[in-house]
Amino acid sequence: PVTLKLTGTAGQSFGAFAVDGMTLELTGEANDFVGKGLCGGEIIIRARGLAKTRSGAHVLLGNVALYGATAGKLFAAGQAGERFAVRNSGATAVVAAVGDHGCEYMTGGTVVVLGTIGLNFGAGMTGGEAWVYDADGTVLSGTRYHAEFLQATPFDEVDAAAQHALKALLEEHTAKSESTRGARFLAGWAEHSAKFLRFTPLVQG
């Protein structure tokens, strides 16, 4: 196993093609294509400075993260840009928010978004699952996700195993990324968990 502990701003394709046994811990922020082709490694991005006090309110990684990822994990204590987890087929990720076209053409893996999503979420998604925190009910009632591809199920209507898996994943994310948003959700789990939606494909690829 190899662990790299880094501080500062990472350029393009941070952690691209990282394999099993590799852990990259970045305190700072990263540019586009974080974890492109990730195939077993683990990427952790923590906020720094004043951003650390409200990590979920700040953008920590750019566009097209996890493009074509097949395995591994990404925990980021901040927001991501557009086209997050496009063509992801097996990686697990937790982030504070994503821009437009999140989980496009996703065929496997698990994505958890602890905040807002952009337009066109889940277009062409035929596998895996995505959890989205719907703070005010606008995701379920709105047009930001593709209802022709995805089924949205409120947290209290999913099975107990899936509920426990989400909480365990959030606990791992919070411990590793030091996410202040994750810590707040866990502290008030009964209240916050009820606002999650689980998205699964209507038609499996």
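- Classified by interplanar angle (parallel below 30°, tilted 30° to 60°, perpendicular above 60°), the ring pair Trp189/Phe196 is tilted.
- With a 4.5 Å cut-off on side-chain heavy atoms, Val139 and Ile117 count as touching.
- Taking 4.5 Å as the limit, some side-chain heavy atom of Lys52 sits within range of a side-chain heavy atom of Glu178.
- Both Phe155 and Leu169 belong to a single network of hydrophobic side chains, linked directly or stepwise wherever heavy atoms of I, L, V, M, F, W or Y lie under 4.5 Å apart.
- When all heavy atoms are compared, the tightest approach of Ala183 to Thr174 is N-CG2, 3.6 Å.
- Taking the side chain as every heavy atom from C-beta outward, Leu26 and Ile44 never approach each other to under 4.5 Å.
- To the nearest 0.5 angstrom, Ser179 atom OG is 6.0 Å from Leu114 atom CG.
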Under the criterion side chain to side chain contact (heavy atoms under 4.5 Å, CB included), I'd like the reasoning laid out for Leu74 against His173: C-alpha separation, chi angles, the key distance, then a yes or no.
CA-CA 9 Å; Leu74 167 63; His173 164 75; over 6 Å; no

Between Leu60 and Ile45, is the side chain to side chain contact (heavy atoms under 4.5 Å, CB included) condition met? List the steps.
CA-CA 7 Å; Leu60 294 189; Ile45 303 178; 4.1 Å; yes

Checking ring pair (Phe, Tyr, Trp, His ring centres under 6.0 Å) for the pair Phe199/Phe149: CA distance, chi angles, key distance, verdict?
CA-CA 10 Å; Phe199 288 99; Phe149 288 107; over 10 Å; no

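- The shortest distance between side-chain heavy atoms of Met125 and Val111 does not fall below 4.5 Å.
- In terms of heavy atoms, Thr116 sits closest to Val113 at O-CG1, 3.6 Å.
- A distance-only check finds no donor-acceptor pair linking the side chain of Asp32 to the backbone of Ala65 [under 3.5 Å].
- Heavy atoms only, all atoms of each residue included: Phe75 and Glu42 are closest at CE1-OE1, 3.9 Å.
- No side-chain heavy atom of Glu25 sits less than 4.5 Å from a side-chain heavy atom of Thr27.
- Figure legend: Arg87 and Tyr105 shown as a cation-pi pair, the cationic atom lying under 6.0 angstrom from the six-membered ring centre and within 45 degrees of its axis.
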Criterion side chain to side chain contact (heavy atoms under 4.5 Å, CB included) on Leu66 and Val34, from CA distance to verdict
CA-CA 6 Å; Leu66 292 183; Val34 170; over 6 Å; no

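- Remark: Lys73 NZ to Thr110 OG1 distance equals 10.0 Å, nearest 0.5 Å.
- By the neighbour-count criterion of 12 heavy atoms within 6.0 Å, atom CZ of Arg54 is sparsely surrounded, having that number or fewer from other residues, nucleotides or ligands.
- We find the OG-CG distance between Ser13 and Asn31 to be 9.0 Å, quoted to the nearest 0.5 Å.
- Distance CD/Glu104 to CZ/Arg83: 5.0 Å, rounded to 0.5 Å.
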For His146 and Phe121, what are the C-alpha separation, side-chain angles and deciding distance, and is it a side chain to side chain contact (heavy atoms under 4.5 Å, CB included)?
CA-CA 6 Å; His146 270 281; Phe121 186 84; over 6 Å; no

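- Between the side chain of Asp134 and the main chain of Leu140, a donor-acceptor pair closer than 3.5 Å is present.
- Residues Glu171 and Leu186 have side chains in contact (heavy-atom distance under 4.5 Å, counting atoms from C-beta outward).
- Under the 4.5 Å side-chain heavy-atom criterion for grouping Ile, Leu, Val, Met, Phe, Trp and Tyr, Tyr67 is not connected to Phe84 through any hydrophobic cluster.
- Residues Phe33 and Phe14 place their aromatic rings such that the two centres sit no closer than 6.0 Å.
- Side-chain contact between His192 and Tyr133 is present, with at least one heavy-atom pair separated by less than 4.5 Å.
- For the pair Leu202 and Gln151, the tightest heavy-atom approach, listed with the atom from each and the gap, is CD2-CB, 3.6 Å.
- Distance check: Asn63 CG to Glu82 CD gives 5.5 Å after rounding to the nearest 0.5 Å.
- A distance of 9.5 Å separates OG1 of Thr200 from CH2 of Trp131, quoted to the nearest 0.5 Å.
- Residues Gly15 and Leu38 approach most closely at O-CD1, 4.0 Å, considering heavy atoms.
- In this structure, the side chains of Leu4 and Thr23 stay at 4.5 Å or more apart for every pair of heavy atoms.
- For the pair Arg181 and Gly56, the tightest heavy-atom approach, listed with the atom from each and the gap, is NH2-O, 3.5 Å.
- Phe185 and Val158 fall within the same hydrophobic cluster, where Ile, Leu, Val, Met, Phe, Trp and Tyr residues are linked whenever their side-chain heavy atoms come under 4.5 Å apart, directly or through other members.
- In the hydrophobic clustering of ILVMFWY residues, with side-chain heavy atoms under 4.5 Å counting as a link, Val94 and Leu24 come out apart.
- The backbone N or O of Ser55 lies less than 3.5 Å from a partner atom in the side chain of Thr180, making a donor-acceptor pair.
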